[in-house]
Amino acid sequence: MAKKRSASKRGRKAADGRRARDGGERRGRAPRHFWSGTISFGLVSVPVTLYPATRPTRPSLRMLAPDGTPLQRRWVCEEEDRDIRWSEIVRAFEADDGEPVELSDEELESVAPRKSRDIDLRLFVGADELDPLLFERAFVLTPGGDSTKAYRLLAEVMEREGKAGIATFVLRDEEHLVAIESRSGILRAETLRFAGELRSAEDVGLDEPGEAPKDLVAAFRRSIRGLEAEEVDLEELVDPRIARLRQLVERKVAKGEDLVRARSGERKRARSADAAAGAGADGQDEDLVEVIRRSLRGAKGGDGALRRGGNGADLASLTKRELYERARELDLAGRSEMTKDELVGALRSRSRRRSR
Amino acid sequence: MAARAIWKAELVVGTERVPVKMYAAVEDRSIRFRLRHARDGARVRQRMAHPETGRTVEGRDAFRGVEVGRGRFVVLDEEELAGLEPEPSRDIELKAFLPPGALDPRWYERPYLLGPDEDGEERYDALAAALEESGREGLATWVLRKRFHAGALRAREGRLALVALRPAQEVLLVDELEAPAGRKLAPGERKLASQLVGALSGALSGAFDPAEYRDEYRDRVLALVEAKRRGETIELERFEPEAETGDGLAEKLEASLRDAG
């Protein structure tokens, strides 16, 4: 099968994380942010970074081999029938007839050069005019660049006027319609579905609604009133399976049932794989919140290599991020609120207590 | 052309029941990419392997475990796993009726349209009318394909929609975040910014109509793909990043205001 290849060099922007998608697991470092660019507000450009406003769900169940070793995901070339590395994999657009056509990052970016780094706010609407059924994904925007002034100005004005900004931009090879909103001084973005994606009742083929008998409406009115509440009970939103799983696991641990321990080589490997993927042992979610927090404070300095800290004497030389990681491992209470110095202090006193 | 219902269920509102059919309200039109081996263009699939022996371990031969410490797992057998699954049911249970906005639309994940099931038209219409009149949204829970879902029940123009919410543990409670701080904003800057927002809102009057927007990028990608398949040479437009705004914010705002008319 003759295949046309792109003449241009395929840009491997590892930091961009654009390769890891499409049902594949993220390898290498998890992207610290999705997108960097600017919001254009008239002639003013507000540099921003975009983060997802949802934590990724970590699967609670791992697949284990019969000897208790956690299994690893591997990629297989179907023609050569052998394992290949993630770096040997590219994304190809699949046409309707199954014929693959490779598109390089440059080619994809070339068809939307202006928009790929720019959110151009062209229209302001009342924030409550937006139909939430159009909301697709929620993001948080943090100030990029050196100054937070433009960001704060935009956030303040939009919140005060009760406006949302409508724009289009390109994120990860897809064009998105986006609404920018401001709440409590923080800019949020919601990608919106294009009109063609949302089906109406007519599209689905529903009949015209009718006039219901009054006594039936009254009956439902009573039932609704009987269930009225002013606030949502967040417990209701949680999958009961999570609690069931936790209870089961706790019971088994208490009885020492069915506990397996991966061999030490495996544990080390699992740990470094997790670190490379940017996941902590306890989950990625706190990581993300901390990263967003830092970004909101305007702290610069992205993903420098983690310095291997030593013992307590070296704590002061660690970055706040590294200190926080240690605090999390030790489950120190109140760590999210601590300054760098406070973290150093807390970690030092914890290690002192331990060595007694 | 009637769409096919993905599920038939019953809304349970206190002692009242309404038979409904559930329809997907979203058509996914994103461009699909597949993973391919760079060298030969072959398809790529996944396998789960023992990290040391490299042997494939099929799903049915693998155990499932929960990590309880570094490299330590509690293994669960099939019976235990089955015991975790929720009871299958066709009930969509309404737990509460809340003021609008109590279920934050940022939690919305997937909208569905509900239509009446046979002989349930009157009950459907009655519920829709009562719900719309109340101005509230229902908090609903249901189990579909062994998975628990929570969602918002909304009524509009005589019709019911159910919007599935993201899993609770995924939602980032944005109250955990602090707004960026900095030097005080000058009143002149604020005023200008307000004027600009006002000018932009006015200049493009009329409500936001999502129908006006197309996925142009998708069209262009498809055109690019076609061009490549035909063997045409493609000229790539170079991307020029825009210069960042330093200060001189006020000047820029003023210039924008002049442009906006």
Side-chain angles (χ1 to χ4, degrees), chain A residues 3 22 42-45 53-54 61 63-65 71-72 74 77-79 89-92 94 101 110-113 123-125 132-133 135 138 148 157 175 177 185-186 195 199 201 204-206 209-210 212 216-217 220-221 223-224 227-229 232 237-239 249 252 258 261-262 267 296, chain B residues 2-3 13-14 16 23 25 33-38 41-43 48-51 62-66 71-72 74-75 96-97 102 105-106 108 111 115 125-127 129-130 148 150 158-159 168 170 172 179-180 182 193 200-201 204 208 210-211 213 217 220 225 236-237 239 245 252 255-256:
Chain A
K3 212 174 54 57
D22 197 43
L43 285 183
V44 177
S45 295
T54 51
L61 291 176
M63 284 178 68
L64 307 173
L71 300 180
Q72 226 177 40
R74 302 263 175 102
C77 169
E78 294 204 330
E79 238 165 65
I89 296 176
V90 291
R91 240 182 347 223
E94 193 132 303
V101 180
S110 78
V111 288
L123 171 66
F124 284 96
V125 298
L133 289 193
F135 290 179
T148 62
V157 162
E175 177 152 12
L177 195 55
I186 300 178
R199 285 156 131 189
V204 162
L206 295 184
L216 256 185
V217 178
F220 278 106
R221 206 182 284 135
S223 301
I224 290 173
L227 288 165
E228 269 178 15
V232 61
L237 302 180
V238 179
D239 185 348
V249 169
K252 296 187 81 160
D258 298 330
R261 195 184 186 92
R267 261 178 288 147
L296 281 170
Chain B
V13 186
E16 305 291 341
Y23 303 88
F33 286 92
R34 272 196 182 277
L35 300 180
R36 297 230 169 211
H37 191 188
R43 286 203 181 176
M48 296 303 285
H50 190 292
F63 291 98
R64 298 291 191 279
V66 176
R72 289 173 67 225
V74 166
V75 178
F97 288 93
R106 272 180 278 131
Y108 285 9
D125 290 335
L127 173 58
F148 168 87
R159 298 216 167 91
E170 271 190 17
L172 191 75
L200 282 172
S201 310
L204 300 136
F208 165 58
Y213 296 86
Y217 179 70
R220 282 198 291 272
V225 165
L236 297 180
E237 231 184 282
F239 169 63
T245 290
K252 298 242 177 180
S256 296

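Letters A, B, ... mirror the listed sequences (proteins, then strands); counts begin at 1. Computed from a predicted model, the values in this text were never measured in an experiment. Keep in mind that the numbers below use all heavy atoms, side chains included, and drop hydrogens, waters and symmetry copies.
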- Task: Please determine, among B/Ala96, B/Ala126, B/Ala62, the option with the most heavy-atom pairs under 4.5 Å with chain A.
- Result: B/Ala126

- Distance, nearest 0.5 Å, that separates CZ of B/Arg36 from CD of A/Glu79: 9.0 Å

- Drop me the distance from A/Ile89's CD1 to B/Arg34's CZ, to the nearest 0.5 angstrom. 13.5 Å

- Query: Does any heavy atom of chain B fall under 4.5 Å from the side chain of A/Val157, the backbone, both, or neither of them?
  - Reply: side chain

- Query: chain B heavy atoms under 4.5 Å from A/Ile224: which part of the residue, side chain, backbone, both or neither?
  - Reply: both

- Could you look at B/Ala150 and say if it's the side chain, the backbone, both or neither that has a heavy atom under 4.5 Å from chain A? side chain

Which heavy-atom pair separates [X] from [Y] by the least distance, and what is that distance?
| X | Y | result |
| --- | --- | --- |
| B/Gly158 | A/Pro209 | O-CB, 3.6 Å |
| B/Phe63 | A/Ala65 | CD1-O, 3.9 Å |
| A/Lys252 | B/Val75 | NZ-O, 2.9 Å |
| B/Pro51 | A/Arg74 | O-NH2, 3.5 Å |

- Taking C-beta and beyond as the side chain, do B/Tyr23 and A/Leu206 meet within less than 4.5 Å on heavy atoms? yes

- Item | Residues A/Met63, B/Arg64; criterion side chain to side chain contact (heavy atoms under 4.5 Å, CB included); working and verdict | CA-CA 5 Å; A/Met63 284 178 68; B/Arg64 298 291 191 279; 3.9 Å; yes

- Query: Under the 3.5 angstrom rule, does the side chain of B/Asp125 hit a backbone N or O of A/Gly210 as a donor-acceptor pair?
  - Reply: yes

